[in-house]
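Written below as structure tokens is the structure these notes are about.
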Amino acid sequence: MTEVAKIPVIDVSGDGDQTQVAKELVEAAIEHGFVYIKNTGKDIPAEAVDGAFEMAKRLFNAPISEKQACTIQQNNRGWSAMNYETLDPANQRVGDFKEAFNFGEFIDGKAQQPIPPTVAADEAQTSAFRDLCYNLSLKLNTLLGIGLEVDPPSFFTAAHLRERGPSGTILRFLRYPPRTDLSEGGAAATAATAEDVRAGAHSDYGSLTLLFRLRGQPGLEILLRDGKTWSPVPVVPPGTERDPAPPILVNIGDLLSYWTNGLLRSTVHRVVFPSGSGVQGEADVGPRFSIAYFCHPFSGAELGVVPSERVKGYKGGLAEGNPYAERRVLTADEHLKMRLKASYAQLYKEKE
Ligand SMILES: O=C(O)CCC(=O)C(=O)O
Ligand SMILES: [Fe+2]
């Protein structure tokens, strides 16, 4: 059995001096590109997470016609059907074995996109959950700025303020059917073949991602520094068993990696069908659900290297360990368009 990833667990819910926490966060982001944020219930209450997963289940169980009416657009909002997105086009012959629903911004609690009538009553609650994620993402950006001693330390936070204008930020709900899915939830009854992968290998396109998972549902793996070993990431790492909710898994995306010239790692990861001998206490039965908050800066944010002695002293460069993010773009929006075009070949072909 592959050893599980040794990702640190950090508590950011304290009120005191955050310098030490900021340093720990930065070290985890450099070493692993992933960190668990202990869920004490303070930043994101367990009930809010539960409510979001309940909404997701209703949404995916909605009649297919309701979901089709919300089909994902080039603005990256809406429903992506089974196999529609391909996260690793160079290595996958079929699209990801999952369906997903992306929510963009809400204004006064209202989504700015079509949503299935089945979950219309959940709109305000979903908007509130997105706000909780936004606030936590700002806190983490602030800590990263402090920990890296960026000048000024508020640099990352300032680039993510809603007041700066539109951004690619997305709250995404995911449903991964089991290998054989005869339930009414999927687009149709599905049966995975040997070629199927739940989510192909990729790094995330934004600055950082908050990931919520359910106890007992395995599948996420990260690529270790050696570039060939895949390591499972437990939902409930040691020490968090009694917390109100599993920790929030945070990973660095391409943009924070660009900003820091690769010092912060945008680690490649994937979601697989676990093969029996996975993480202890996790079992692959029924569909798997997850919720990802992809935090992006305002669209015009420039991705030049930030003023920080720590970053200046780092000579590693971007290429190390991540062939999925090539630096040939200038702004957050240009980068997002490039990545979406590669993952949604059909959507971009249809619209050309
Ligand atoms: O479902 C998961 O655990 C991870 C999904 C993911 O990596 C993504 O959507 O970018
Ligand atoms: Fe991801």
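Counting begins at 1 with the first residue of the sequence. Whatever order the structure lists them in is the order used to number ligands and atoms, beginning at 1.
For D204, the N/O/S atom at the shortest distance from the Fe ion (ligand 2) is named OD1. Distances from the Fe ion (ligand 2) to each N, O or S atom of H269 single out NE2 as the nearest.
Other residues, nucleotides and ligands contribute only 12 or fewer heavy atoms inside 6.0 Å of the NZ atom of K337.
For ligand 1, the atoms lying closer than 4.0 Å to a non-hydrogen atom of F294 are 8 (C), 9 (O), 10 (O). Close approach to Y176 involves these atoms of ligand 1, each under 4.0 Å from a residue heavy atom: 1 (O), 2 (C), 4 (C), 5 (C). Of all atoms in ligand 1, listed by their number and element, those nearer than 4.0 Å to a heavy atom of S290 are 1 (O), 2 (C).
At a 4.0 Å heavy-atom cut-off, ligand 1 does not touch T209 at all. For R270, no heavy-atom contact with ligand 1 is shorter than 4.0 Å. Residue A292 does not touch ligand 1, judged by heavy-atom distances below 4.0 Å. Residue L87 does not touch ligand 1, judged by heavy-atom distances below 4.0 Å.
At distances below 3.5 Å, at least one donor-acceptor pair connects side-chain atoms of Q217 with backbone N or O atoms of F289. Although no hydrogens or angles enter the test, the distance criterion places a donor-acceptor pair under 3.5 Å between the side chain of T126 and the main chain of D122. Checked by atom type and distance alone, the side chain of S308 pairs as donor or acceptor with a backbone atom of V311 at under 3.5 Å.
Among protein heavy atoms, the minimum distance from atom 8 (C) of ligand 1 is reached at H202 NE2, 3.6 Å. Distance from atom 4 (C) of ligand 1 to its nearest protein heavy atom, with residue and atom name: V271 CG2, 3.7 Å. Closest protein heavy atom to atom 3 (O) of ligand 1: R288 NH2, 2.7 Å.
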CA sep, side-chain torsions, deciding dist, call: I252, T267, side-chain contact (heavy atoms from CB on, under 4.5 Å): CA-CA 7 Å; I252 299 297; T267 294; over 6 Å; no
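The shortest N or O to N or O distance between R213 and ligand 1 is not below 3.5 Å. Geometrically, ligand 1 and H269 share a nitrogen or oxygen pair separated by less than 3.5 Å.
A salt bridge does not link E66 to R58: none of the charged nitrogens lies less than 4.0 Å from a carboxylate oxygen. Remark: D15 engages K42 in a salt bridge, criterion side-chain N to carboxylate O under 4.0 Å. A salt bridge links R310 with E27; the closest basic N to acidic carboxylate O contact falls under 4.0 Å.
Checking S299 against S167 by side-chain atom types alone, no donor-acceptor pair falls below 3.5 Å.
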